[in-house]
Amino acid sequence: MVEMMEVAEILREATSKSLIILDEIGRGTSTYDGLSIAWAVVEYITDKEKIGAKTLFATHYHELTELEEKIEGVRNYSIAVKEKGEDVIFLRKIVSGGTDESYGVHVAKLAGVPQDVIKKSNEILRNLERKSVLGKKNQEKENKKIAAGQLDLYNYKLAEVAHEIDKINLNELTPIDALNILVRIKEKIK
């Protein structure tokens, strides 16, 4: 509420001569609510008949990078990074263009968040990303199956394997257990 009251005040009082600095508008809401608010705020500020002010707008919504192509005057910039294996080095240099990468766990590590939390965060992140990718791929294949009127057995097997992998507790897995699981997965895919 405090953030939205500040945004409301900015939008009411800003002029074309203002310099507006906004950080993470909409982060305290659900993803779609927050993205929708942030997107609408950008459109409102860039509209020369409403405000048309120069604005620095920091956001974690990757979707907003699309606005560079849709709204005159919008430009994307990001922090340059160098990835070395699983490590990320922030180069302290602003470069033109957006990014579709997120480095939140890396920032948490740099800030000194306990290693147990970082490790668990990485596990959760990998699971969420895998589910998201599998979900999108499964939905695309499901749509194709419905259109073609066929059952895609391979897709079903992949979902089954992904579900089995998701249930594995890597911290309690012995090498022989891992080998047995791989054999079972290979048989299911055949």
Residue pair V95 / Y77, side-chain heavy-atom distance below 4.5 Å: no

Closest contact, heavy atoms only, I71 versus E43: CD1-CG, 3.6 Å

Side-chain heavy atoms of Y61 within contact of E66, under 4.5 Å: no

Side-chain heavy-atom pair I45, L22 within 4.5 angstrom cut-off: yes

Salt-bridge contact E123-R126 (side-chain N to carboxylate O under 4.0 Å): no

Contact check, side chains of L173 and I181, non-hydrogen atoms, under 4.5 Å: yes

Side-chain (S78) to main-chain (G97) donor-acceptor, under 3.5 angstrom: yes

E69 CD: over 12 foreign heavy atoms closer than 6.0 Å: no

Side-chain donor/acceptor of T15 to backbone N/O of K17, under 3.5 Å: yes

Under 3.5 Å donor-acceptor, H60 side chain and E24 backbone: no

Pairwise side-chain contact, R130 with N127, heavy-atom cut-off 4.5 Å (strictly under): yes

Exercise: identify the closest heavy-atom pair between V41 and V7: CG2-CG1, 4.0 Å

Heavy-atom side-chain contact between I168 and L170 under 4.5 Å: yes

Polar side-chain atom of S102 near backbone of G104 as donor-acceptor pair, under 3.5 Å: no

Taking every non-hydrogen atom, the tightest pair across N76 and G98: CB-N, 3.5 Å

Heavy-atom side-chain proximity of L110 to F90 below 4.5 angstrom: yes

